[in-house]
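Everything numeric in this text was worked out from a predicted model, so none of it was measured. The basis for the numbers below is simple: all heavy atoms, side chains too, and nothing from hydrogens, waters or symmetry mates.
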Amino acid sequence: MNSKNPFFKNKAFNSVTDTPYEEIHDNHSVVIDYNNTMTVSGTINKSFTLLLLLVAGASITWYMVATGNNPIFLTIGGAIVGLILVVITAFKPQSAPYLAPGYAIFEGLFIGGISAIFEMKFPDIVIQAVGATFVTFMVCLALYKFQIVKVTEQFRSVVIASTLAIATFYLISWLLTLFTSFQPFHYGNSLMSIGFSVFVIIIAAMNLFLDFDNIEKGAQSRLPKYMEWFGAMGLMITLVWLYVEFLRLLSKLNRK
């Protein structure tokens, strides 16, 4: 049950059991019955909750830009705190019910800030990116639901390898721009740059299939109830990535 998402690579998603889940607390075991285990519907509900919190956070920095204030510190701070919460939750899934809402709010600060900046440069780009993200999500969900796309081990391997390659490329490019005058090709709006953005969006969308599969199997494995927050948070990470990549692509297409 691998994914580019650090959440779905966590060992907590690898427990498969046909009996009530058992945990150890303070040197004694606690049995969790079937009514207190992860479900797909529960994960969906929590995903909507996180989405609402993300939008609420985004509205803060968006409003600051609209009123002439500079939200740079909130935007950067939101990204940093959001990343920290992701790392903590990845290592301690039990904290997901408490940290996932915080992640959504702080990530919303980041998303709202960059969205407002893009909107100022390219009017109507945000609604286009939101629409593209929503349509992509629904199409991928339908393809998975009706088993048109099946998540096999080979499929996982290709998606994970491609995602890691993209992450490595982004990291190296960022470091080079910090310490040298090098400008990566994907910063411009050349055909190669646009093609690269399309490729990244495809890989991000393919990660949604892995996320759907991991959530479904987590429910089938009767993992603890807190894994619903864990799964919802992981899915939100993929959607944020997809949205940001759509912003980048649309900005390239709108440059003169």
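- In the hydrophobic cluster analysis, where Ile, Leu, Val, Met, Phe, Trp and Tyr join through side-chain heavy atoms closer than 4.5 angstrom, F146 is grouped together with V139.
- Side-chain contact between V244 and I111: present, with at least one pair of heavy atoms (C-beta onward) separated by less than 4.5 Å.
- The neighbour count for L178 CG, taken as heavy atoms of other residues, nucleotides or ligands under 6.0 Å away, is above 12.
- Expressed to the nearest 0.5 Å, how far CD of E216 lies from OG of S221 amounts to 10.5 Å.
- Ring pair F196/F185 is perpendicular by interplanar angle, where above 60° counts as perpendicular and below 30° as parallel.
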Take W241 and V200 through the test side-chain contact (heavy atoms from CB on, under 4.5 Å) and record every step on the way to the result. CA-CA 10 Å; W241 177 33; V200 173; 4.0 Å; yes

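- Counting heavy-atom neighbours within 6.0 Å of L191 CG, excluding the residue itself, gives a total of 12 or less.
- Rounded to the nearest 0.5 Å, atoms CD1 (I160) and CG (L210) are 6.0 Å apart.
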Walk me through whether T238 and N207 qualify under side-chain hydrogen bond (donor to acceptor under 3.5 Å, both in side chains). CA-CA 7 Å; T238 303; N207 272 277; 5.7 Å; no

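- Connection of M206 to F169 is established within a shared hydrophobic cluster, with ILVMFWY side chains joined at heavy-atom distances below 4.5 Å, either directly or through further cluster members.
- Under the 4.5 Å side-chain heavy-atom criterion for grouping Ile, Leu, Val, Met, Phe, Trp and Tyr, L74 is not connected to Y63 through any hydrophobic cluster.
- Between T177 and P184 there is a side-chain heavy-atom pair separated by less than 4.5 Å.
- Proximity of a side-chain donor or acceptor of T67 to a complementary backbone N or O of M64 within less than 3.5 Å is detected.
- Residues L247 and F122 have side chains not in contact (no heavy-atom distance under 4.5 Å, counting atoms from C-beta outward).
- For S197 (side chain) and L249 (main-chain N/O), no donor-acceptor pair under 3.5 Å exists by modelled atom type.
- Residues F110 and I80 are not in side-chain contact: their nearest non-hydrogen atoms beyond the backbone lie 4.5 Å or more apart.
- Between M233 and L85, the closest heavy-atom pair is CE-O, 3.9 Å.
- Side-chain N or O atoms of S193 include one that pairs as donor or acceptor with a backbone N or O of G188 at under 3.5 Å.
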Worked check of side-chain contact (heavy atoms from CB on, under 4.5 Å) between T49 and N45: CA-CA 6 Å; T49 299; N45 292 336; 5.6 Å; no

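- Taking all atoms of both residues into account, the shortest heavy-atom contact from S47 to L235 is OG-CD2, 4.0 Å.
- For the 3.5 Å distance criterion, the side chains of Y187 and S173 fail to qualify, holding no donor opposite an acceptor.
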After noting the C-alpha distance and the side-chain angles of I215 and M38, does the key distance pass the side-chain contact (heavy atoms from CB on, under 4.5 Å) rule? CA-CA 9 Å; I215 291 173; M38 181 181 184; 4.1 Å; yes

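- Linking ILVMFWY residues whenever their side-chain heavy atoms come closer than 4.5 Å, directly or via other members, places V135 and I202 in the same cluster.
- The structure places NZ of K46 at 5.5 Å from NZ of K225, a figure rounded to the nearest 0.5 Å.
- Test F212, F209, Y144 against F137 for ring pair (Phe, Tyr, Trp, His ring centres under 6.0 Å) and you get one pass: F212.
- Looking at L242 and L208, their side chains come closer than 4.5 Å, going by heavy atoms from C-beta outward.
- Nearest heavy atoms, G113 versus T61: N-OG1, 3.0 Å.
- By the 4.5 Å heavy-atom criterion applied to side chains, I84 and Y103 are not counted as neighbours.
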Does the pair V126 and W62 meet the rule for a side-chain contact (heavy atoms from CB on, under 4.5 Å), with working shown? CA-CA 11 Å; V126 169; W62 180 280; 3.8 Å; yes

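- A distance of 11.5 Å separates CZ of F246 from CD1 of I125, quoted to the nearest 0.5 Å.
- Atom CG of L50 and atom CD of E107 lie 11.5 Å apart (nearest 0.5 Å).
- Contact between Y243 and A129 at its shortest, heavy atoms only, is CE1-CB, 3.6 Å.
- In this structure, I60 is a member of the same hydrophobic cluster as L51, with clusters built from ILVMFWY side-chain heavy atoms closer than 4.5 Å.
- A donor-acceptor pair under 3.5 Å links the side-chain atoms of K252 to the main chain of H186, judged by distance alone.
- Residue L109 holds its CG atom at 8.0 Å from CD1 of I105, rounded to the nearest 0.5 Å.
- Taking every heavy atom of both residues into account, I203 and S162 meet most closely at CD1-CB, 3.6 Å.
- Counted within 6.0 Å of CZ on F134, heavy atoms from surrounding residues, nucleotides or ligands total 12 or fewer; the atom is thus considered open.
- Formation of a donor-acceptor pair under 3.5 Å by the E228 side chain with backbone atoms of V40 is not found in this model.
- Across all their heavy atoms, F106 and G82 have their closest contact at CB-N, 4.2 Å.
- Put simply, the side chain of E153 reaches to within 4.5 Å of the side chain of R156, judged on heavy atoms.
- Two residues are said to be in side-chain contact when any heavy atoms from C-beta on lie closer than 4.5 Å; M227 and P224 meet this criterion.
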